[in-house]
Amino acid sequence: MDTHYRPLDIENKWYPYWMNKGYFRSVPDDREPFTIVMPPPNVTGVLHMGHMLNNTVQDILIRKARLDGKNACWVPGTDHASIATEAKVVQLLREKGIKKRDISREEFLKYAFEWKDKYGGIILDQLKRLGASADWERTRFTMEDSLSEAVIAAFVDLFEKGKLYRALRMTNWDPQALTVLSNEEVIYSEEKDTLYYLKYPVADDVSQSISIATVRPETILGDAAIAVHPEDERYAHLIGKTVLVPLINRPIPVIADTYVDREFGTGALKITPAHDPNDYEIGQRHQLETIDILTPDGRLNETAQLLVGEDRFNARKLILPMLEAGGYLVKTEEYLHKVGRSERTNAIVEPRLTLQWFLRMKDFAQKALDAVRQDEIKFHPPQFVNMYQNWLDTDHVRDWCISRQLWWGQRIPAWYYQPNGTDNPLIFVAKTATEALEKARIQTGIPNLQIEDLYQDEDVVDTWFSSWLWPISVFDGFKNQEELAYYYPTQVLVTGWDIIFFWVARMAMAGYEWGPALLPGHKKGYMPFKDVYFTGMVRDKMRRKMSKSLGNSPDTLALLDKYGADGVRFGMLSSAAAGNDIVFDAPFDVKTNKILDESQLCDQGLRFCNKMWNALRLVKQWEIVPNPDTADAAEINQLAIQWMEERLAQLQEDQESSISQFRLSEALTDLYRFIWDDFCSWYLELVKPVYGRPIDRPTYDRTVDFFSDLMSMLHPFMPFVTEEIWHLLRSRPEREDCMVTPLIKHKKVNPVLSEDMAILNKIVAAIRELRAEKQIALKESLNVWWASSTKADSLLTQTGALPLVMKMANLAALKPTEEEPAGCITLMADTEKLFVAFEAEINIEEEREKVLKE
RNA sequence: GGGCCUAUAGCUCAGCUGGUUCAGAGCACCUCGCUUACACCGAGGGGGUCGGAGGUUCGAAUCCUUCUGGGCCCACCA
């Protein structure tokens with residue numbers, strides 16, 4: 001056997017082995033279910049650190065449940081990620097010389113699905129490398145037929161319940177993706193900009209003017225008014241007057257509105273209703289015209305009159321010299337403000353008036369809020385409840401804009417009928433065109449209405465409108481409730497806190513919305529999951545969130561190759577208490593994306609594997625005989641075994657408690673320390689025969705039992721190394737594997753034993769310390785006395801204790817004494833006093849003082 | 001503007017219900033040791049006024065108040 005543990009071959013061996021035995025598969029039976037639905041990664045995604053952390057946690061919980069005899073079901077899948085994927089496909093088509101606008105929707109979707117089949121879902125294979133024991137036969141995709149049907153069913157149902165409406169609203173427009181975004185998809189961050197002060201001349205007296213401040217001078221072309229505060233004396237004389245928009249001399253009124261902050265800028269505000277949400281509202285109040293000067297992709301249109309066709313940012317640059325030349329530019333200032341960018345494309349979001357579908361959120365929010373408040377859904381760590389409440393607070397919650405101007409997604413099942421000359425179309429929402437037509441015929445009273453007379457909504461629904469159904473739709477719950485009844489609610493959701501609003505809250509909403517109808521009288525409740533484990537964000541050394549766009553994520557596959565899946569799992573987890581962001585310190589070269597140095601945490605995990613591997617080597621090389629080699633050995637072994645049984649019982653208890661509270665890193669750290677310190681450094685050293693001597697069969701067997709049990713306990717965390725060692729420890733029957741063999745519960749028998757051993761350990765440590773201090777070689781055996789006292793006497797005279805200390809500290813003799821023998825150093829070990837024979841000259845005084853001090 | 005979290009060893013963090021697992025772990029550092037499973041190791045060691053200041057208490061890293069750093073979420077301030 002190699003002195004070093006080599007993870008790669010071993011990991012490559014076990015994963016297919018488990019798969020072939022069908023251990024990941026779950027079908028409903030009479031066992032208690034333990035269900036996790038995997039947060040579906042983007043179909044375009046590649047494995048990054050966040051996924052590894054996330055899925056490691058899920059795998060631990062699933063493997064633990066499986067070992068506990070539950071029917072563990074982990075459903076994997078991918079998300080179609082409409083905006084991101086569509087952008088990617090558009091890009092690829094462009095490279096082929098195909099423009100999206102030149103092809104039909106059907107052609108586009110054909111390309112998109114082709115691309116998805118070819119490249120999509122790589123990430124799921126990468127998860128296998130990590131050891132993820134998901135039921136791959138259940139792999140779902142949010143845009144496969146069955147799941148799309150669920151989306152359509154949900155849409156139709158909500159429409160019929162009156163919870164959906166279509167309205168012209170100020171929305172967040174992504175000029176790059178050419179679609180509207182929900183509020184949650186806009187990320188605001190502080191950016192440096194310039195504040196321009198511009199002068200608007202008064203129409204009937206050009207010598208007078210009013211100045212405003214704006215960061216978007218190009219939008220003056222869409223101005224509809226200048227607003228001042230009604231009580232602002234500086235501008236009272238101008239209210240009601242007409243001023244001229246610079247450069248184009250369009251007359252606009254000066255109006256009074258309390259929205260205006262007198263302290264800001266000049267105290268006068270330009271009103272551009274088409275391009276600012278606040279301005280839009282003011283415009284509505286004052287019946288101002290909405291002058292849209294931008295094209296969907298963010299260029300100035302004909303209405304702008306000037307700079308037509310220029311991109312909005314370019315227009316800003318170009319308009320400045322014009323304003324300056326005209327004498328309209330008063331001054332400029334550096335200005336720090338929040339800028340909203342598209343979550344997916346990073347383009348600066350443009351407020352835009354568009355016709356969209358919205359979902360009324362108030363009732364949904366209330367139910368989702370109650371579920372958490374009433375502890376039907378528990379958050380780990382609990383402080384995320386605050387964040388959740390804050391967002392779902394029914395006073396602020398805003399309706400969810402669910403339509404997107406894309407093709408990659410479920411097309412909105414709404415058909416419109418709008419005969420010439422009518423203002424608003426009639427809307428027919430139905431699962432199919434045929435049903436819509438049926439409805440239309442009845443409602444319009446035109447029996448021979450044809451499908452060609454209707455037109456379907458061009459938009460698709462938001463990706464999250466399919467994701468929120470995930471815990472139901474992966475079991476085809478909208479069609480058939482057989483599996484749903486068994487697996488729902490899922491046990492725990494493991495996800496990053498960054499999608500608490502996007503996803504967690506909305507799944508809760510969906511659960512309570514459809515649960516009662518789909519599973520009437522379901523005893524287990526309608527929450528989609530009972531617990532939510534929020535993982536932290538994985539950050540780099542500069543504490544930045546690891547992301548593809550920053551390029552600061554290490555090459556995860558290289559990490560797996562280098563440290564093994566077990567090592568990486570150890571590394572990810574050992575510093576990842578729930579909800580705490582973890583700084584993953586794997587230095588890497590941004591340019592080559594290569595790891596430069598070792599990641600300490602993963603390296604520690606690999607070294608841990610190596611430690612266990614070598615413990616295995618030690619055990620395997622022992623020669624086994626029926627009976628103990630010596631009387632001392634028999635005594636030591638007996639004591640060691642009893643102690644180990646006691647410690648294991650305690651460990652097991654602690655593990656159950658930690659894991660049930662989702663303290664996974666604590667559970668792993670405890671195991672690490674137990675295996676390294678208690679098992680290897682102490683227990684194995686105790687029972688280890690002296691060189692060349694054999695071990696007795698009973699001790700050997702118990703040792704293998706202990707080792708196996710530790711492997712079982714560690715298995716959920718580090719599945720590969722534990723399976724390997726578990727098998728090498730002893731030959732196993734055919735259907736027995738570490739992964740599926742439950743651990744027998746150890747019982748605590750003699751709790752005092754742990755304390756006694758701790759004191760013996762301290763005595764040994766004190767003698768070792770003395771050796772280190774006095775440079776006494778370990779080979780040199782020492783004579784030691786202990787000061788007689790009831791405690792030390794009872795401790796050291798119990799079976800095995802004396803030879804144990806002598807073996808571990810390498811003593812020639814260990815005896816009680818009433819008074820201090822001559823030529824000795826006095827030691828304190830815990831409360832026990834020891835005298836160690838020491839022949840070299842020593843300064844008795846000095847030593848005495850030291851002892852006194854202690 | 002509203003709200004949340006956090007500050008503990010050089011670094012990354014545990015420390016749960018105030019008190020015998022209370023000042024801890026890993027890494028880093030120092031000393032000694034290639035010893036017979038493992039130098040990817042072993043035996044030891046140094047290192048912290050628990051962010052500051054008040055308070056509650058017999059007792060505070062832990063509870064309260066406040067201040068100061070750091071992070072985050074929400075909200076329409078040009």
Side-chain angles (χ1 to χ4, degrees), chain A residues 1-5 170 183-184 188 195-196 212-216 219 227 259-261 263-272 276-282 335 337-338 340 351 381 383-393 395-398 497-498 500-501 537 539 541 543 567 574-577 579-585 598 600-601 603-604 606-622 657-658 661 663 665-666 669-670 672-673 676 680-681 684-685 688-693 754-755 758 764-765 767-773 775-779 810:
Chain A
M1 280 170 88
D2 198 327
T3 55
H4 288 121
Y5 177 71
M170 210 50 167
N183 297 318
E184 292 70 39
Y188 290 91
L195 191 59
Y196 303 91
I212 56 91
T214 181
V215 285
R216 304 193 59 187
T219 62
Y259 170 80
V260 179
D261 177 0
E263 308 301 314
F264 190 90
T266 63
L269 173 64
K270 77 189 212 43
I271 305 298
T272 320
D276 183 280
N278 300 308
D279 291 10
Y280 178 71
E281 276 180 31
I282 295 170
Y335 184 56
H337 70 144
K338 299 254 184 188
Q383 55 269 32
F384 283 103
V385 170
N386 293 320
M387 200 160 121
Y388 183 84
Q389 292 199 35
N390 193 256
W391 186 73
L392 285 176
D393 184 341
D395 293 338
H396 319 133
V397 74
R398 288 183 293 172
W497 54 261
D498 54 336
I500 187 167
F501 308 132
M537 298 292 107
R539 295 177 188 276
K541 272 207 162 146
R543 297 206 158 259
S574 56
S575 66
N580 275 14
D581 287 0
I582 73 169
V583 177
F584 193 81
D585 97 88
E598 293 189 338
Q600 287 179 358
L601 294 167
D603 191 49
Q604 196 185 340
L606 178 58
R607 289 199 328 262
F608 183 34
C609 292
N610 195 57
K611 182 72 183 176
M612 293 186 283
W613 180 250
N614 277 289
L616 173 74
R617 290 180 58 227
L618 172 69
V619 171
K620 294 306 282 183
Q621 64 158 49
W622 284 335
S657 148
S658 297
Q661 295 171 73
R663 300 168 172 275
S665 40
E666 185 176 296
T669 307
D670 285 350
Y672 173 83
R673 290 227 290 271
W676 204 298
C680 291
S681 295
L684 287 180
E685 291 298 333
K688 181 163 108 182
V690 291
Y691 182 62
R693 301 301 309 166
S754 292
E755 293 163 31
V764 171
I767 297 168
R768 285 174 175 170
E769 189 183 335
L770 181 83
R771 282 182 187 276
E773 193 189 323
Q775 306 275 331
I776 308 167
L778 190 60
K779 286 175 196 154
N810 190 21

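Each chain gets a letter, A, B and so on, in the order its sequence line appears, and its residues count up from 1.
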When all nucleic acid strands are considered with a 4.0 Å heavy-atom cut-off, which category describes A:Arg398: base, sugar-phosphate, or nothing? sugar-phosphate
Using the P atom in both, what is the distance from B:G18 to B:U65, to the nearest Å? 15 Å
For B:C40, is there a stacking contact with A:His4, counting only centres under 5.5 Å and planes under 30°? yes
Candidate nucleotides B:A78, B:C73, B:G42, ranked by approach to the side chain of A:Leu269 - the nearest: B:A78
Please answer whether the main-chain N or O of A:Met1 pairs with a side-chain N or O of A:Trp613 as donor and acceptor at a distance below 3.5 Å. no
Between A:Asp276 (side chain) and A:Pro351 (backbone), is there a donor-acceptor pair under 3.5 Å? no
Under 4.0 angstrom, heavy atoms only, what part of the nucleic acid is A:Lys620 near: base, sugar-phosphate, or nothing? nothing
Once each nucleotide of nucleotides 16-30 of chain B is scored for protein heavy atoms under 4.0 Å, what B/S/- sequence comes out, 5' to 3'? B--------SSS---
Check every strand shown and say whether A:Ala777 touches a base, only sugar-phosphate, or nothing at a heavy-atom separation below 4.0 Å. nothing
Under a 3.5 Å cutoff, is there a donor and acceptor pairing between the side chains of A:Tyr672 and A:Gln604? yes
Please work out if A:Cys680 contacts a base, only the sugar-phosphate, or nothing of the nucleic acid, heavy-atom cut-off 4.0 Å. base
With heavy atoms under 4.0 Å as the rule, sort A:Leu778 into base, sugar-phosphate or nothing. base
Taking only the side-chain heavy atoms of A:Ala765 (C-beta and beyond), determine which of B:C38, B:A37, B:G44 contains the nearest atom. B:G44
Taking the side chain of A:Glu769 as heavy atoms from C-beta outward, which of B:C73, B:G44, B:G42 is closest to it? B:G44
Range-with-range stems for RNA chain B, at least three Watson-Crick or G-U pairs under 3.5 Å: B:1-7 with B:68-74, B:10-13 with B:24-27, B:29-33 with B:41-45, B:51-55 with B:63-67
Between A:Lys779 and A:Tyr188, which is nearer to the 5' end of RNA chain B once each is assigned its nearest nucleotide? A:Lys779
Once you apply a heavy-atom cut-off of 4.0 Å, does A:Lys338 come out as touching a base, just sugar-phosphate, or nothing? base
By the 4.0 Å heavy-atom rule, please label A:Phe501 as base, sugar-phosphate, or nothing. sugar-phosphate
Could you please name the option among B:C32, B:C38, B:G44 that lies closest to any side-chain atom of A:Arg768? B:G44
What's A:Trp622 touching, base or sugar-phosphate or nothing? Going by heavy atoms closer than 4.0 Å. nothing
Once you apply a heavy-atom cut-off of 4.0 Å, does A:Tyr335 come out as touching a base, just sugar-phosphate, or nothing? sugar-phosphate
How far, in whole Å, is B:C50 from B:A25 if one measures between their C1' atoms? 16 Å
For the residue pair A:Asn614 and A:Arg617, confirm or rule out a side-chain donor-acceptor distance under 3.5 Å. yes
Categorize A:Asn386 for me: base, sugar-phosphate, or nothing, with a 4.0 angstrom heavy-atom threshold over every strand shown. sugar-phosphate
In terms of the nearest nucleotide of RNA chain B, which residue is placed more toward the 5' end: A:His337 or A:Phe608? A:Phe608
Is any side-chain nitrogen or oxygen of A:Lys688 closer than 4.0 Å to OP1 or OP2 of B:A37? yes
So what does A:Glu755 touch, heavy atoms closer than 4.0 Å: a base, only the sugar-phosphate, or nothing? nothing
Is it true that A:Glu685 and A:Ser681 share a donor-acceptor pair across their side chains at a distance under 3.5 Å? no
Anything under 30° is parallel, anything over 60° is perpendicular, the rest tilted; go ahead and classify A:Tyr335 against A:Phe264. perpendicular
Establish, with yes or no, whether the OP1 or OP2 oxygen of B:C5 is under 4.0 angstrom from a side-chain nitrogen or oxygen of A:Gln383. no
